[in-house]
Every structure is written in C-alpha cells, then in structure tokens.
Amino acid sequence: MSDVPALLVAVPILAGVVALLVGQWRARAAWAVAALASAVQVGMAGLLAARVLGGETVSYEVGNFPAPYGIELVVDGLSASVVLLVAVVAFGVLLYSRVAGPREPSFHAQYLLLVAGLSGMSVTGDVFNLYVFLEITGLAAYALVASGESGRAAVGALKYLLVGTVGASLYLLGVGYAFIVTGTLNMADMAAKLGAEVAYTHPAVLTAFALIVTGLAVKSAVFPLHTWQPEAYASAPDSVSAFISALVSTVSAYAIARMIVSVFTVEFFRANPVAQDLVVGIAGLSVVAGSVLAVTQTEVKRMLAYSSVSQFGLVVAAFAIATETAVTGGTIHLIGHAVMKGGLFLAVGAVAAATGARYVSEYRGLASRRPFLAGAVAVLALAMVGVPPAVGFVGKWYIALAAVESESWFIAVVILSSTLLTLAYFARLVERMYFASAPTAAAEPAEPTGPVPDAAVADGSGEAAASERPGTPDRVTPGVVTLVIGVAVLAVALGFVATEFAQLLQQTLPELLSP
Amino acid sequence: MIDLLLTRYNYVAVVLLLGIGTYMLIENSNLVKKVIGMNVFQTGIFLFFITAAYVEGANPPIVGHGGHGGPYVSPLPHVLILTAIVVGVSLTAVALALVVRIYAEYGTLDEDVLREVRADE
C-alpha cells in the first residue's frame with residue numbers, strides 16, 4: 001500500500017513496454033495490455049484517493065533516499081483527485097480508441113507513457129522531478145498528436161513541440177533560480193526555506209516565480225501563450241484530442257496550483273501583491289480572449305480548443321486568488337472541465353465518424369439524424385456554460401464566490417461575461433443541431449472558410465459521405481454512443497457530488513494554505 | 001554596471017545564448033534551423049545551472065585517493081543537467097522525426113512555403 005505512489009508511475013511505463021512487445025506478436029493484443037494496465041491504474045488511484053481524501057498525506061521516498069536529498073513522492077487530497085481523474089479519463093478514452101483508432105501497438109505504448117508522465121507530475125514532491133515528468137508528458141503528447149495520418153498532424157505536433165519545449169525550459173530556468181537561493185529541490189523543504197531564510201521579495205525569488213508560472217502557463221495554454229494548442233487539438237486523431245484536451249493542460253494547471261500553493265505559498269502573494277495581481281489579470285484576460293476567439297471559429301474542434309484557453313484562464317485565476325474557496329472552486333472546475341471537455345471531444349469525434357460533420361455549419365439538423373449524440377453534445381455544452389446542476393456550474397459558483405469574498409471584482413465581472421461568451425459559442429452549435437432543418441440537396445453552401453467537402457453537406461444523408469472521408473474510417477458503434485451519453489450523465493451527476501467533494505477537499509486545504 | 005557585467009560574464013553568456021536561441025526559433029523560416037534554435041536555447045539553460053554550481057578554487061566532489069578536503073563544487077546541478085541533456089536529446093530526435101515527415105508530405109522545409117501549400121489544401 002505504501003508503494004502505491006511509485007507504482008502509479010511504474011505500472012504504466014512497464015505496461016507500455018509490454019504493449020509494444022506484445023504488439024509485435026499480435027497487434028490487437030496491445031490494446032488488451034493497455035486496457036488491463038489502465039484498469040489497474042484506476043484501482044490504485046481509487047485506493048489512494050480513498051485513503052488520502054480524509055486529510056492524510058502519503059509520502060514515498062524513491063530508492064529509500066530520505067527527503068529532502070532524495071526524490072520524494074507526496075500524495076495529498078489535491079494530487080489524489082488529479083491522479084484519479086487521470087486514471088479514469090485514460091481508461092474511458094482507451095475504450096473509445098478501440099473503435100476510433102489509432103490502433104498501432106506504438107500508439108498504445110505512447111498512450112501509457114503519457115499516463116505515466118501525467119501521474120508522475122501529479123504525485124511528485126520535487127521540483128526537478130516535476131520538470132522530468134513534464135517533458136515525459138510532452139514527448140508522449142507530441143508523438144500522439146503526430147499519430148494522425150495527415151501531414152497536418154505532423155505540422156501541428158512540431159509547432160506544439162517547439163512551443164512546449166520553450167515552456168518547459170523556462171520552467172527549468174525558474175527552478176534554477178529557486179535552487180540557487182534555497183539549495184534544495186524538495187517542494188516542502190523549498191517552501192520552508194523560502195519562508196525562513198530568503199525574503200519573498202528577493203529578486204531571484206521573484207524571477208523564479210515569474211519563470212515557473214510562465215513556463216507552466218505555456219503548457220496549460222493560457223492566453224497569450226496558447227498558440228500551439230488549437231492546431232494541435234484540431235489536427236490530432238479524435239481519441240488523442242479527447243485525451244490531451246482533458247488531461248495534459250489540466251495537469252499543467254494543477255502544477256501551477258502546486259507551485260503557487262505549496263512552494264511559493266500564500267505568504268509570497270502577501271509580500272508581492274503585484275505578482276498576484278499580474279497572474280490574476282493575465283488569467284482574466286485569457287478567459288475573455290479565449291471565448292472571443294472561440295466564437296470566431298468555424299471548425300468545431302478548434303472552437304473547443306479555444307474554449308479550453310478560456311476555461312484554464314478561469315482555473316488559474318482561481319488558484320492565484322488562493323483562498324480556500326477559490327482553490328476548492330479551481331479544483332472542481334479543473335476536474336469538471338476535464339470530464340466535460342474530454343466528453344465533448346469524444347462526442348464531436350463520434351459525430352464526425354457518423355456523419356462526417358467537422359464544421360459548425362455541418363451540424364445543421366443533427367438532432368433529427370443522430371438524436372443521442374446530439375443530445376450528449378447539447379448536455380455537455382450546457383454543462384460547460386454552467387447551467388445548474390451540472391459540474392460546470394458548481395466550479396464557477398465557488399470561483400465567483402471566492403472572487404467576491406476577496407473583493408477581486410475584476411474576476412467576478414470576468415466570470416459573468418465569460419459565461420455569456422461561452423453561451424455564445426455553444427449556443428451556436430445547439431441552435432444548428434436543434435432548430436436548423438437538416439440540409440437537403442438544395443441546401444445553402446457551407447461557410448466559406450476552410451476546406452468543407454461539398455459532398456458531405458449537399459449529400460443530404462451525410463451517411464454515405466462518412467465512409468469516403470479520410471481520417472474517419474469507422475462507423476459509430478452502440479458502445480461509443482453509450483460511452484458519450486455516460487460522460488454527459490457523469491458531467492451532470494458530478495455536480496451533485498461536488499459539494500461532498502468540496503468538503504473532503506477542505507480537510508486537506510487549510511493545511512496547504514495556512515503558512 | 002560595467003563592473004557587474006564583467007564579474008558576471010558567465011551569466012551574460014547564458015543570456016546571449018538564450019537570446020540567440022529564441023531569435024532562431026522565431027525568425028528562421030527553416031524548420032531544421034528552428035530545431036537547432038531550440039537546442040541553443042536549452043543549452044543556455046544547461047550552462048546556467050553548471051555555472052551556478054561553480055565555486056572558485058573548489059575541488060571536484062570526488063572523495064577518496066587521499067581526499068582533498070576544503071570546499072567542493074556542488075555536484076547536484078551537474079547531475080540534474082545530465083538528466084536535462086537526455087531529455088533535450090530525445091526532444092531533438094522527436095522534432096527531427098517530425099521534420100522528416102513534414103518534408104515527405106509537403107516537399108519543403110520552409111515555413112512560409114509550407115503555409116502557402118497548406119492554405120491551398
């Protein structure tokens with residue numbers, strides 16, 4: 001039991017190698033290995049979460065080298081929630097990828113490597129170890145984005161790689177500054193030394209904070225550092241964009257929270273109110289800019305990608321406000337967003353596989369052709385907007401409450417306007433699906449931007465076009481529809497358990513937030 | 001100010017490397033040169049760590065063979081940078097693999113040409 005934090009990283013890595021080897025013998029067996037490893041991961045994460053959410057903290061010393069000299073893995077309520085999220089979403093998307101592909105053994109090996117990297121980022125208690133896991137996550141994510149068949153995926157992945165590497169390098173530079181002034185890499189030790197031995201207003205500490213937050217903000221795609229993200233999400237295969245959109249940015253945002261809350265602590269903000277105002281300000285800008293950019297998109301996956309820019313702005317703002325309510329709200333929104341956005345990408349992928357529709361204009365009358373898929377998209381979209389009782393509402397509610405409590409009126413206004421803007425781009429989709437008639441042979445031409453194949457729009461049935469469209473080789477099975485509907489139900493159901501979860505979380509948080 | 005720059009010339013070199021790397025990443029339209037720019041940028045950071053660990057007149061941190069005594073150079077940044085170099089090499093490998101695929105697909109390494117080709121797609 002005490003080895004579980006290490007196993008969370010080791011099991012997926014080993015299983016990835018096994019999947020690759022087994023795949024040489026029989027390609028389909030790689031999926032089975034990945035599914036088994038993923039199921040084990042869910043079990044381990046569940047066990048750990050059950051133990052830790054009571055307020056206990058599990059610590060593991062890698063190789064029996066005592067902290068702060070050795071690498072320490074630390075799991076508290078916050079990290080256990082993220083680990084569980086990673087495991088569950090990875091398992092869900094893996095089920096989907098069985099139908100939607102890609103199916104090569106190398107895909108499953110990379111997939112498990114990504115799970116290992118994400119779990120590692122969540123459980124590590126060492127700032128340099130975090131950098132290593134950040135890059136493992138990055139490497140796996142770049143390769144997964146490139147696993148699409150088109151050249152477009154390769155271009156998107158290279159752009160992602162160049163920007164992502166600069167982000168991670170900035171983080172490493174920040175770690176360098178922090179290491180020079182504190183002489184330690186252990187998060188808890190560094191926090192103690194920053195508080196006791198080094199002034200929070202020391203220039204090197206300020207530089208370290210700026211570099212670390214900027215580097216991680218690149219990875220979680222906060223405006224204006226989001227430029228890699230839309231192309232990467234839009235060009236990746238559907239299962240990959242669902243997985244990456246749900247988890248990679250999420251865990252990077254968790255890392256920002258970890259650095260702000262556990263390493264630099266609230267005291268740092270009290271000593272440097274300007275730093276706090278800057279982070280909150282940029283996050284607020286990200287919320288508005290992401291939404292505005294999302295409204296202007298014609299391709300559905302790009303629209304969802306820009307929507308992520310806006311939602312992560314909200315999460316980062318919550319962590320930067322750094323009160324108990326704000327961090328609770330940020331965590332709930334982080335987890336809720338992962339479920340909703342992952343679900344939306346799955347649903348959109350299923351719609352594309354079923355009808356070939358990839359542009360907003362092609363969603364006309366989808367409700368009458370594919371009522372279940374359209375229903376799931378609509379429910380998830382409304383959950384994202386923040387319609388109660390879905391989980392999107394609960395997260396925003398807590399963040400708004402915290403903004404009012406701490407009198408950050410800027411963020412309060414931003415949350416309200418972002419809700420309207422979120423409605424603006426999702427309403428467009430819902431309106432097309434439910435209130436526009438299905439396209440007929442004499443349908444008006446699709447929106448001019450982007451390479452819209454006329455066949456899919458003008459064909460009427462849309463079904464025939466699907467099989468000719470490259471990149472969507474499969475039809476939608478009942479299993480996929482069930483999965484998508486299940487995620488939609490989960491997004492609503494999570495809203496009901498979110499208050500319980502907030503109470504569990506608040507047993508961990510006071511310890512983190514009080515110096 | 002001049003004094004500060006002269007005594008901290010190692011940091012000036014690091015900042016120059018970071019600047020050159022960033023400039024290559026942004027300004028060069030050739031994809032391979034972009035990857036090299038990324039490498040230069042990372043190398044700047046590696047050297048930053050190593051130069052920060054340097055102690056004037058200190059011995060290498062190797063105990064035994066009589067033992068030197070006195071101050072030792074901090075070994076930890078060197079070890080960290082070994083790890084970071086490995087990460088950098090794998091990133092370069094993945095980046096170059098992607099560049100090869102882009103070349104096979106579009107027949108060009110120039111970003112501007114690539115943009116035009118893809119706009120026609």
Side-chain angles (χ1 to χ4, degrees), chain A residues 68-69 71 110 113 126-129 131-136 138-181 183-185 204 211 215 231 235 449-451, chain B residues 11 14-15 18 21-22 24-26 28 31-32 34-35 37-53 74 76-77 79-81 83-84 86-88 90-109 111 114-115 117-121:
Chain A
Y69 304 107
I71 294 168
Q110 284 159 10
L113 189 63
D126 182 288
V127 285
F128 187 78
N129 201 229
Y131 166 75
V132 175
F133 280 122
L134 193 66
E135 288 291 40
I136 292 179
L139 275 171
Y142 310 143
L144 280 176
V145 169
S147 64
E149 273 161 33
S150 61
R152 189 189 171 194
V155 177
L158 184 66
K159 197 171 171 189
Y160 183 9
L161 187 149
L162 292 174
V163 180
T165 304
V166 172
S169 301
L170 289 179
Y171 171 80
L172 182 62
L173 197 57
V175 167
Y177 276 103
F179 174 69
I180 288 171
V181 289
T184 181
L185 292 167
L211 287 169
E231 190 58 31
S235 61
T449 40
Chain B
Y11 292 106
V14 165
V15 170
L18 292 182
T22 320
M24 283 178 77
L25 261 174
I26 296 170
N28 248 307
L31 293 178
V32 176
K34 268 184 196 289
V35 175
M38 181 186 93
N39 264 322
V40 173
F41 186 80
Q42 285 185 312
T43 310
I45 293 170
F46 301 162
L47 291 177
F48 170 73
F49 267 80
I50 290 168
T51 198
S74 168
L76 189 54
V79 181
L80 298 182
I81 287 324
T83 314
V86 172
V87 170
S90 7
L91 277 169
T92 312
V94 174
L96 290 176
L98 289 174
V99 171
V100 168
R101 248 193 74 192
I102 290 170
Y103 188 74
E105 194 88 24
Y106 297 106
T108 177
L109 285 177
E111 206 189 20
L114 197 64
R115 199 173 295 128
V117 175
R118 294 185 61 219
D120 297 340
E121 256 179 6

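What you see is a predicted model; the values in this text were computed from it and never measured. Both backbone and side-chain heavy atoms feed into the values below; hydrogens, waters and symmetry mates do not. Residue numbering restarts at 1 for every chain, and letters A, B, ... go by the order of the sequence lines.
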Show every donor-acceptor pair shorter than 3.5 Å between a side-chain atom in residues 153-160 of chain A and any protein atom, with sequence neighbours excluded, or say none if there are none.
none

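Remark: B:E105 pairs with no residue by the salt bridge (charged side-chain N to carboxylate O under 4.0 Å, His left out) rule, at least two apart or across chains.
Shown here for B:A84 and A:Y131, the closest heavy-atom pair between the two residues is CB-CE2, 4.2 Å. Between B:I45 and A:S169, the shortest heavy-atom contact is CD1-O, 3.2 Å.
For the side-chain contact (heavy atoms from CB on, under 4.5 Å) test with A:E135, the passing option among B:V86, B:T83, B:V87 is B:V87; the others fail.
Contact annotation for A:I136: neither backbone nor side-chain heavy atoms come within less than 4.5 Å of a heavy atom of chain B. Interface residue B:L25: only side-chain heavy atoms are found under 4.5 Å from chain A. Only the side chain of A:L139 comes within less than 4.5 Å of a heavy atom in chain B; its backbone stays farther off.
The neighbour count for B:Y11 OH, taken as heavy atoms of other residues, nucleotides or ligands under 6.0 Å away, is above 12.
Annotation: maximal heavy-atom pairing with chain B below 4.5 Å, among A:I180, A:V175, A:L170, A:T165, occurs at A:T165.
Taking CG of A:L172 as the start and CD1 of B:I81 as the end, the distance is 5.5 Å to the nearest 0.5 Å.
Under the 30°/60° scheme for interplanar angles, the aromatic rings of B:F49 and A:F179 are found to lie parallel.
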